[in-house]
Amino acid sequence: MKLLFLTLLFMTTDTAVKTFTLAPLPYEYTALAPEISEETLRYHHDKHAAAYVAKLNELIAGTPYEKMSLEAIIEKSDGAIFNNAAQAWNHEFYFATLSPHPQHEPEGALRKAIDAQFGSVEKLKEQMTAAAAALFGSGWVWLAEDKSGKLAIFSGQNADNPLRHGMRPLLCIDVWEHAYYIDYRNARADSVKALWKRIDWKTVGERYDRR
Ligand code: MN
């Protein structure tokens with residue numbers, strides 16, 4: 001993953017001043033339409049996500065966080081630094097989860113774990129869509145692996161991230177209004193139902209297998 005790669009590069013050059021950079025959108029801005037419009041992606045990636053990264057760089061300058069990986073900052077910081085670090089991480093993970101040519105169904109070990117725990121992929125999607133609709137205010141709904149190795153649906157407000165809770169993130173749904181309001185207005189559940197068509201289960205399965 002690009003953020004991790006950048007972190008490793010910085011660890012080998014410890015005198016370098018660290019500034020995080022937002023990875024470019026890994027597909028064309030028009031590539032996820034009609035489920036997610038070009039206008040949404042231009043605002044979401046270039047304005048919202050970029051602003052979190054810029055703010056994070058501003059906030060960590062001259063602090064001990066300057067020398068940490070993004071994941072370490074997420075685990076150790078609070079307040080504005082945590083919010084902007086987690087939002088930077090969450091957005092890169094979110095955009096990387098979506099694809100113009102997604103694998104529509106999980107396979108392999110992930111598929112077996114989902115079927116065993118949730119009954120079926122459809123039931124998992126229903127539960128996550130319901131969690132996204134029910135989350136009050138802004139936040140993220142995640143599929144994560146908990147410390148015992150079980151899959152968990154985790155609803156986090158604002159910038160919250162499973163890493164903060166000792167869990168491994170596998171998939172996330174951004175339920176901040178900026179993620180859907182241009183295309184779906186107030187219909188958050190409809191935006192999540194459409195989002196499933198763009199979630200790449202190949203990427204999610206590779207994350208699950210990376211243990
Ligand atoms: Mn967002």
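What you see is a predicted model, and the numbers here were worked out from it, not measured in a lab. In each ligand, atom 1 is the first atom listed, and ligand 1 is the first ligand listed.
- At least one test fails for Arg198 against the ring of Tyr27: distance under 6.0 Å to the centre or angle within 45° of the axis.
- Aromatic ring orientation, Phe93 versus Trp142: tilted (interplanar angle from 30° to 60°).
- Taking a cutoff of 4.0 Å between a charged side-chain nitrogen and a carboxylate oxygen, Glu58 and Lys55 qualify as a salt bridge.
- With respect to the Mn ion (ligand 1), His91 has NE2 as its nearest N, O or S atom.
- For Asp174, the N/O/S atom at the shortest distance from the Mn ion (ligand 1) is named OD2.
- Taking 2.8 Å as the criterion, His48 does not count as a coordinating residue of the Mn ion (ligand 1), since none of its N, O or S atoms falls below it.
- Remark: side-chain polar atoms of His45 are paired, donor with acceptor, to backbone N or O of Ala23 under 3.5 angstrom.
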